[in-house]
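Right, one structure below, let's go through it.
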Amino acid sequence: MADRYNPAGANLETTVLGADEIILNMGPQHPSTHGVLRVKLRLDGEKVVGSECVIGYLHRGVEKIAEHRSYQQFAPYVDRMDYVAAVSNGLGYCEAVEKLLGAEAPPRARVIRTILTELQRIASHLFWLGTHALDIGALTPLFYCLREREEILKIFEKYCGARLTTHAFRIGGLQYEAYDELEKDVERFCKEFDKRVDEYEALLTENRIWVGRTKGIGILTTEAAIAMGVTGPVLRASGVQWDIRKAMPYAAYDQYEFSIPTGKNGDTYDRYLVRLEEMRQSRKICLQAIENIPPGPIMGKVGKVLKPPPGEVYHSIEAPKGELGYYIVSDGTTQPYRVRIRPPSLINLEALDQMIRGHLVADVVAVIGTLDIVLGEVDR
Amino acid sequence: MNAIMPYVFPVLFALVIVALLPLVAGYIVLMERKVMADMQVRLGPMRVGPHGLLQPIADAVKLLLKEDIIPENADRLVFWGAPLISVTTAMLALAALPIGPFFQIADLNIGLLFILGISSLGIFGTVLGGWASNSHYSLLGALRSAAQLVSYETSAGMAIVGALLLAGTLSTRGIVQAQSDTGWWFIFVAPVGFFIYLVASIAETNRAPFDMPEAESELVAGYMTEYSGFRWALYFLAEYTNMIVVASIATTLFLGGWLRPFANTRALNFLDYLPPLLMVWVAGYCFRRTPKQPVAVQKMFMAAVGVLCIVLAGVLAMPLVAPAGSLLASSKAGIHGAFWFLFKVGAYIYVFMWLRFTFPRYRFDQLMRLGWQFLVPLSIVNVMGIGLGLALHRQLNWPNGLSLPLGNALTAVAAAYLLSAAEKHEHPRVGEEEEETPVHA
Amino acid sequence: MTNDSEEKQPPRPAEAEKPAGTPAAPSASPSASGGTPPGETPGQPPALSAPVVPAKPPVAGPVNPSAPPPPAKPAAPAAPAKPAGPPPPPREAPPKPAPLDNDLVKRYKARFGGAIVEALLDRKQAILVIAADRLLEIARFSREEEKFDLLTDLTAVDWPKREKRFDLVLNLYSFPKNERLRIKALLGENEPVASVESVWPTANWLEREVYDMFGIVFEGHSNLKRLLLPEEWQGHPLRKDYDILQQDEAWVRENLGIESGQ
C-alpha cells in the first residue's frame, strides 16, 4: 500500500499547532468514551479547535464472519454489536433475512417481538441516561436507571434464558413461546416505570447545573443532522419527525398508537428530553401490545435450511440508537454472500467533530454521551 | 520543668492528630461510600468486616502495597514532593482549630488567618503535582485547580470576614466564645455568609459539583492521573483533611464550635443527654445486628463495636451524673464539647456528600462565572450588610434584632439581583421556550 | 424538514420498502411510488459470466423472460400475507429481481440516458445500476432534484469473478417521499470512483470504511484513510480473496509483539 491515496486533509498530526495549542489524546482508555473510542482533541486552552476520532479497537470483522456462517448461525453474532440492545439487533437481522426469503413471521411472533424490542429500547435508553448523567457528573441517576433496567433484563432472562446477548428471535419467528406471566411482568414493570421516569426528571430536567451543562451544547441543526446522516433520537432532537416505526412499520408497530417526540434546537438537552419521552412512548406501546397478543403459531414456515433465492435486500429498523440497517446479498446458497450492517452508532459518531468544535473539554464528554454510541457497534 | 509543661499537651495533641488523621480520613471515605450507597439504593461495602467497617484498613493496606509508579518523563523530585506539600499544609491547618474548649494545639491570636494562609498553600501541591506529571490531563487539572482556588478563596475569605466582624477577634477560641456570649450562632446572624462559605468551601476542597481539577469523566483524575499507591494516598489524605479543616472552620465560625445547640437556654438542658443516648442507640443497633453476621469473627467484631459505643456512652454520661463541683462534672465542657464539635463537622461533611451525589458537575467556565459574578460580589455585599447592621447597632443604638436582619435583607436583595442577572446572561435567547412537543404522526 | 416528513407520513407512500404488514397494495407500490429501479442483481449470473461493463447481458437473459410475469407475481405472495396473517405464504414464489420502469426511473433515464444501465425491482426495493463515471452527477441529482436527502448507507460488494469486480452500493432515503432507492455502480479492481462526500457529508466515514475493507479509492475524498483497521495494515479484509483466517502477520508481530492474532 505504498501508493496509498493520501490527500492533504483534516489530519491533526500533520497540521501545525498554534503556539497555545495542545493535542489531548482522549481514550481509548478513558472513563467517558464509553468503551474504546479514542478522540484526538486539538485544544486551545480547554477549547476544542479540532478533533479526530480513531476507532476500530473493537473491530471483530462481523461482516466477514457473516460470509462464512449460515443464516441461522450468524444470528447470535449480531447480538454482540450493540450489546446494550441485543434484542433490537436480532429483530433487524431476522426480519431482513425473512424479507430475503420472502417469508414472514406469524402475527403472534411479531407482537411478542415488538414487546421485547420496546422493552429493549427502554433498557438501552436507561443505560444511556445513567451513563450520560454520570459523564456530566451526576453519579446517582445511574443506579436508579440500572435498577429499572434490571427488571427488563429479568424479563428477558425469563423469556429466553439470557440477559444481555439474548438471541431472542429466530429467522421466521420465535423459538420460545412467551412464558405464562410475560404479560403480567411487563404490565407490572410498565406501571412502576411511569413513576420512575418522573423521578429521573425530578433529578435532572429542572436542575440548573444540568440545564447549564446541556442546553446549547453540541447543536446539530436540522440541515446538518440530515447531511451528516444521523438517525434516531439524535435526528429527532434536531427537529425531524422521522421514525422508521412510523415511516415504514415493521414487526407489529402499525397496530399501536404512539407518538414521535421531537426537539427544536438539536442540542444535548433536547436529545435528553426526546429520549426520556421515547421511553414513555415505548412503555405505552408495551402496554398496548400486552392487551392483545394474538394466538397462533410463533414460527413461520421457513424450513430448516435457509437458501434464499439470489438477490439482495436492505431492511432497517428503528433501533434505540437510530436506523439499524442490514443489507444482505444472497447468491442462493446457505450462507449470505455479503452482509452489510449499517450501524447507527458509527454514523452518529461521525457528527461528533462538528458538534464539539468551539466547546470545552467538559462538553466533549457530554456530547459523546448524548450521541449514545456503543463501540461494539461502531467497530463491529 | 515549667518551661516544658506548656508544650506537653500540644505535642501530645499533635501526635494524636497526625496518627489518627489517616484513620479518620479512611472512615470518612467509608462514610461517604455508605452515604452514597444509601442514596443509590445499594448497600455499599459489606464484605470487609461487618457492614464494611474494616474497609478503610483494607484500602490503606492495598494502597501501601501498590506498585509505586513514577512516569518516565516526570520531574522526579517535584513529583515526589508535591503530595507532601498538600498533606503537610492540610495537617498544619488543623493546629489552630479548637476541638472543644480544651483540645486545641495552639490558640493563636491570629488563628483564622493562620488557617487560611496555610491551607491556601496546599494549592502548590496540586499545581506542582500536575505539572511534574508531564501529562496533559494532569496539567489541565492543575491549571483548573489553581484558577478555581484563587477564585473561591476570595469569596470564602470575604464570607469569613463577615463572621469576624461579628466576633471581633481572629482567635478561634474567641470566636466560639463570642457566639457563646450572645447565645446566637453566627449562622443565624449571618445566614448568607454561611451559605457563601458553604459553596466556596466545597469549591475549595474540589468536591462535586465543583470537582473540576479531578473531574473523572473529563480529565480521568485530573492532577492525580499519574499518581498511584502511596503518593496517591497522600493526595487523598490531603483532600479529606482539607474537608475536615473547612468543616471545622465552618463549625467554629458559624455553627457555634463546641457549643451545644442553645447552650444558654436552661429549658433545653435535656439536650445534654442526647450524646450518651445516641451512643446507646448505636450500640443497640450493633448488638441487634451481631447475630446476623455470617462469621464468628465478624460477630465478635460487631459486638466489640457495640461495647465500644457503650463505653463512649458511659464516658459521655459520667459528667452528667457526677456530683456538681467534682472534677468529673467539670470535664463536661471538654467531653461534650468535643462530641458536639465532631458531630457538627460530621454533619457539615454529610452535606458535602449529599450535594455530591445529587448534582451534576459544573463546567469550568460556569464555575468561574458563578465564582466571580455571583459569589464574590455577594460576599462583598454581605460584609457591607453586616457592617451596616453593626454600625446601626453600635453607633445609633438600634436593637440587634432590627439592625442585623436589615443588613441581611440587603444582602438577600443583592443575591436576588445577581441571580436574575446571571439568568439573563446564561439564556440570552429571550422567549425561546424549550419544550418537547410530542406530536402524533 | 419536519413539515415534510409530517405531511408524508400519513400516506406512507413508499411501500417499496416495507414488510408486508401494511395496508398498501403491493402491486400499486412499485409503479406509484417509485419504488424502484433496479437493476442488476448481484445474483449469480453476473458473477459467473463475468460480463462487461454494462452487466446487462447476463442479467437480461435470466431476468427478461420472467420479467412480464413478475409484476403480478410479487403481488401474489404479498397479498395473502396481509389479510391472512398467520400462515406466511412465502415459499412458493421466491422473490426475483424484475426490471422496473416507473416515473422515477424515467426521470433518471431522461436525465442521464445511457448512464442508467439498468433499473430493477428486487424484493420490492428499487435498484438503479449506473455507470460509475457518472456517479457524482447522479448523486447530486438524486439529492437535489429527487430529494434523496439521506445517504443511509454506502458500501460495496466484491464479485471477484466478474470483470468489474466491485459493486459500490448507495442506499438512499428521501424524507419528503418516504422512499428508498439503491444506486449501484460497478467498479473494476483498480478503478477509482468519485467521492460523494461533497453531496452527502456523511459519506466521509462510509467511504473510508469501504476503502479500508475493499480498497476502493475515492477521488476527491478529503481524508481517505483507513477507518477501522490500523493505518499500516496490508490487505482489504472484505474482499473475497482475503481468507477469514488471514491477517497481516508482519503488523501483528511488530505492533502487538505476538506471533499470531488467532
Side-chain angles (χ1 to χ4, degrees), chain A residues 22-26 29-32 43 45-46 133-144 147 203-204 207-217 237 241-243 246-247 257-265 267 269-270 273-274 276-277 280-281 360-366 369, chain B residues 32 35-42 135-137 139-141 143-144 147 207-212 214-222 225 353-370 419 422-423 425-429 432-441:
Chain A
I22 57 172
I23 296 268
L24 182 67
N25 201 352
M26 203 167 177
Q29 274 96 37
H30 185 281
S32 46
L43 302 179
E46 281 209 30
L134 187 66
D135 284 347
I136 296 188
L139 306 172
T140 305
L142 175 69
F143 292 90
Y144 297 156
R147 178 183 60 190
L203 267 173
L204 298 174
N207 187 318
R208 281 182 67 96
I209 304 179
W210 179 263
V211 173
R213 284 298 305 275
T214 53
K215 252 193 195 169
I217 302 301
Q241 195 180 47
W242 183 69
D243 188 315
K246 285 274 190 201
E257 217 176 86
F258 61 98
S259 55
I260 308 173
T262 54
K264 267 185 195 160
N265 304 320
D267 57 9
Y269 189 67
D270 275 14
L273 290 178
V274 163
L276 275 189
E277 182 60 28
R280 293 205 172 96
Q281 295 297 333
L360 301 178
V361 176
D363 298 326
V364 175
V365 297
Chain B
E32 178 157 31
V35 169
M36 164 159 63
D38 185 42
M39 291 181 183
Q40 298 176 345
V41 287
R42 312 181 279 129
S135 146
H136 286 158
Y137 288 121
L139 182 61
L140 287 177
L143 292 178
R144 284 179 174 193
R207 300 277 304 174
F210 303 107
D211 55 345
M212 297 303 115
E214 288 167 49
E216 78 274 0
S217 64
E218 297 153 27
L219 299 184
V220 187
T225 305
M353 295 170 183
W354 188 5
L355 294 177
R356 173 172 176 198
F357 301 125
T358 308
F359 288 128
R361 181 183 302 115
Y362 267 108
R363 202 173 54 209
F364 190 60
D365 57 328
Q366 294 166 339
L367 172 95
M368 292 313 255
R369 198 179 304 138
L370 180 75
L419 265 182
E423 191 100 350
H425 184 84
E426 266 172 40
H427 305 294
R429 299 164 295 171
E432 230 188 281
E433 195 49 28
E434 175 109 31
E435 86 209 31
E436 182 175 7
T437 48
V439 188
H440 284 266

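Predicted model, so just to flag it, every value in this text is computed and none were measured. Lettering follows sequence order; numbering is per chain, from 1. Side chains are part of it too, since the values below use all heavy atoms of this structure and drop only hydrogens, waters and symmetry mates.
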Check your understanding: How close do A:A362 and B:R363 get, heavy atom to heavy atom, and via which atoms?
Key -> CB-CG, 3.6 Å
Check your understanding: Roughly how far, to the nearest 0.5 Å, is CD of B:Q40 from CG of A:L142?
Key -> 7.5 Å
Practice item. Please report the C-alpha distance between B:H136 and A:L43 in whole Å, then the side-chain angles of each, then the deciding distance to 0.1 Å, and finally whether the side chain to side chain contact (heavy atoms under 4.5 Å, CB included) criterion is met. Key: CA-CA 11 Å; B:H136 286 158; A:L43 302 179; over 6 Å; no
Review point. What distance separates A:N25 CG from B:Y137 OH, expressed to the nearest 0.5 Å?
Key: 6.5 Å
Review point. Where do B:P360 and A:I209 come nearest, in terms of heavy atoms and distance?
Key: O-CG2, 3.5 Å
Check your understanding: With distance as the sole test, does B:Y362 use its side chain to make a donor-acceptor pair with the main-chain N or O of A:R213 at under 3.5 Å?
Key -> no
Review point. Judged by atom type as modelled, is there a donor-acceptor pair below 3.5 Å linking the side chain of A:T140 to the main-chain atoms of B:F357?
Key: yes
**Study point:** Between CG on residue A:L24 and CG on residue B:L139, distance to nearest 0.5 Å
**Key:** 10.0 Å
Check your understanding: Counting heavy-atom pairs under 4.5 Å to chain B, which of A:L360, A:L203, A:V364, A:L204 comes out on top?
Key -> A:L360
Point to revise | Straight-line distance of B:R361 CZ to A:L139 CG, nearest 0.5 Å | key: 7.5 Å
